[in-house]
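Data block below; observations after.
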There are 2 protein chains.
Amino acid sequence: MSRPREFDVDRALCQSMEMFWTKGFKSTSFEDLTRTTQVKKQSLYGVFKDKRELFLKALALYREQSVAMLEELASQEVSPLQKLKAICDAALYPNEEAMRRGCFMVNTVLEFGADDQEINREAELMYSQVERILEKVIRSGQERQLITTRQSSKELAAFLNNALSGAKVMEKSGASREQIDEVLRTTFALIAPENAR
Amino acid sequence: MSRPREFDVDRALCQSMEMFWTKGFKSTSFEDLTRTTQVKKQSLYGVFKDKRELFLKALALYREQSVAMLEELASQEVSPLQKLKAICDAALYPNEEAMRRGCFMVNTVLEFGADDQEINREAELMYSQVERILEKVIRSGQERQLITTRQSSKELAAFLNNALSGAKVMEKSGASREQIDEVLRTTFALIAPENAR
DNA sequence: TCCGTTTTTGACCACGCAGTCAATAAAGTA
DNA sequence: TACTTTATTGACTGCGTGGTCAAAAACGGA
């Protein structure tokens, strides 16, 4: 009936995500996108309304991938504290380049600010999903008496998530992994003074 | 000898800082700057080499002002824990608009990323100055047995500073003050379980 | 083989941007 | 008052940008 599309939309979206993650929204030009995706401008516009829609789709993809990775880790058969540590590691260092790029969601929230509702809806979604995962693991740690501070699992999850945000800022500002890990060690030591190794 | 300058450089720098703080580097156009400062383009160029130099000066000014404010708070005659709380409050809510703008330094680090050495030198300077202040207060809290966790003052200062970074991200992402304060309460409760009210 | 539909392609446009130029104005000095 | 020096002013420039247009190409169906 008609000419079929020659490029893989998911692939292009994924590559665009990498680009936006690395350079941010404003600093990524459409030419950057056509170069990395090898898809011509008009073909992208045929699928995505404009640069912003492509960005929002890329951001949602990032959230889905990240949350899926953390959920996977939370379902492993290790102790709750080890799970928490693994989740933090994965959130901060999901792959090789992440140290330079930081967290796409944090970068984005900071770039767009408090006024952009669509962006902030996405960010809140990620925050709540990550906190839900953290809370579940923390609760199981409390049930096994590994975490005995008097705070609720919800409070601790929000607290830990916040510490992660801070670490993601450090990451982007070029702090060494050792510096970041020291902060994280302190954080864990405060949550589980007896059992944080 | 020659015609004297008509505008106040410090005043223009301060106004530029507000602008950059609100909109970031890339999103602030030179026209934004000439409008808020009421100084014509060429006059600004007469004092500052280019937009970037003006930005760097504004960033340094922000750091100086912020650190001075925190130092002032640290020298008040109240208990160390109250001091810490006051410092955190001042770091997060230095004035009315800060909730929307977040922290200029965190915003900047996230905008420029790990590659910009000049920016990161400035950020590291602020980090180290703030941590030095925090550490001093924490140490006095330890000496008075108000803080009895086993971590060193240096570790706790880095940890607290990191929690502040996280809170600054929440701030910029439009979280409510109540949400932020809850995280901060948890943070203080973990540092000083007995004495954090 | 021809037609209708949709993708592809590259040229194109209007705009906002940082930074520059050259003419003019204003001060101090002699 | 004339001269030197610097600040001011507004017009200008070149570039990169997101987004559009219209022609050409490729496919499926008849």
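What you are looking at is a predicted structure, and each value in this text was computed from that prediction instead of being measured. Order of the sequence lines fixes the chain letters, A, B, ..., with proteins taken first and strands second; residue numbering starts at 1 for each chain. These numbers come from the heavy atoms of this one structure, side chains and all, not from hydrogens, waters or symmetry mates.
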Q: Using the closest heavy atom to pick a nucleotide of DNA chain D for each, name whichever of B:Gln38 or A:Lys26 lands nearer the 5' end.
A: B:Gln38

Q. Taking CG from A:Leu44 and P from D:dG19, how many angstroms apart are they, rounded to a whole number?
A. 12 Å

(Q) Which label fits A:Trp21 and A:Phe104: parallel for a plane angle under 30°, tilted from 30 to 60°, or perpendicular past 60°? (A) parallel

(Q) Just the rounded figure in Å: distance from P of C:dA11 to CZ of A:Phe30. (A) 18 Å

Q: Report yes if at least one side-chain N or O of A:Ser43 is closer than 4.0 Å to OP1 or OP2 of C:dT7; otherwise report no.
A: no

Q: Assign B:Thr28 to base, sugar-phosphate, or nothing according to its heavy-atom contacts below 4.0 angstrom with the strands shown.
A: sugar-phosphate

Q: Measure from NZ on A:Lys41 to P on D:dA22 and round the result to the nearest Å.
A: 17 Å

**Q.** Whole-Å distance separating the NZ atom of B:Lys51 from the P atom of C:dT20
**A.** 14 Å

Q: Could you tell me whether the side chain of A:Asp115 reaches within less than 4.5 Å of the side chain of A:Asn120, counting heavy atoms only?
A: no

Q.
What is the separation between atom CD on A:Glu53 and atom P on D:dG18, rounded to the nearest whole Å?
A. 16 Å

Q. When we call it a touch if two heavy atoms are under 4.0 Å apart, what does A:Phe7 touch: a base, just sugar-phosphate, or nothing?
A. sugar-phosphate

Q: Using a strict 4.0 Å threshold on nitrogen-to-oxygen distance, state whether A:Glu178 and A:Arg185 make a salt bridge.
A: yes

Q. Within the structure, does a side-chain N or O atom of B:Ser29 lie under 4.0 Å from either OP1 or OP2 of C:dG16?
A. no

Q: Would you confirm whether B:Lys168, through its side chain, and B:Met105, through its main-chain N or O, come within 3.5 Å as a donor-acceptor pair?
A: no

**Q.** Pairwise 5' ranking along DNA chain C for B:Asp32 and A:Arg5, keeping only the more 5' one
**A.** A:Arg5

Q: Check whether any side-chain heavy atom of A:Thr108 lies under 4.5 Å from a side-chain heavy atom of A:Phe20, and answer yes or no.
A: no

**Q.** Rounded distance (Å) that lies between atom P of D:dT8 and atom CD of B:Glu6
**A.** 5 Å

Q: Classify the side chain of B:Gln42 versus the base of C:dC21 as yes if they form a donor-acceptor pair under 3.5 Å and no if they do not.
A: yes

Q | Earlier contact from the 5' end, DNA chain D, for A:Glu31 and B:Val39 | A | B:Val39

Q. Side chain of B:Lys40, base of D:dG10: donor and acceptor closer than 3.5 Å?
A. no

Q) Taking CZ from B:Phe25 and C1' from C:dC17, how many angstroms apart are they, rounded to a whole number? A) 12 Å

Q | Interatomic distance where OH belongs to B:Tyr45 and P belongs to D:dA7 [whole Å] | A | 17 Å

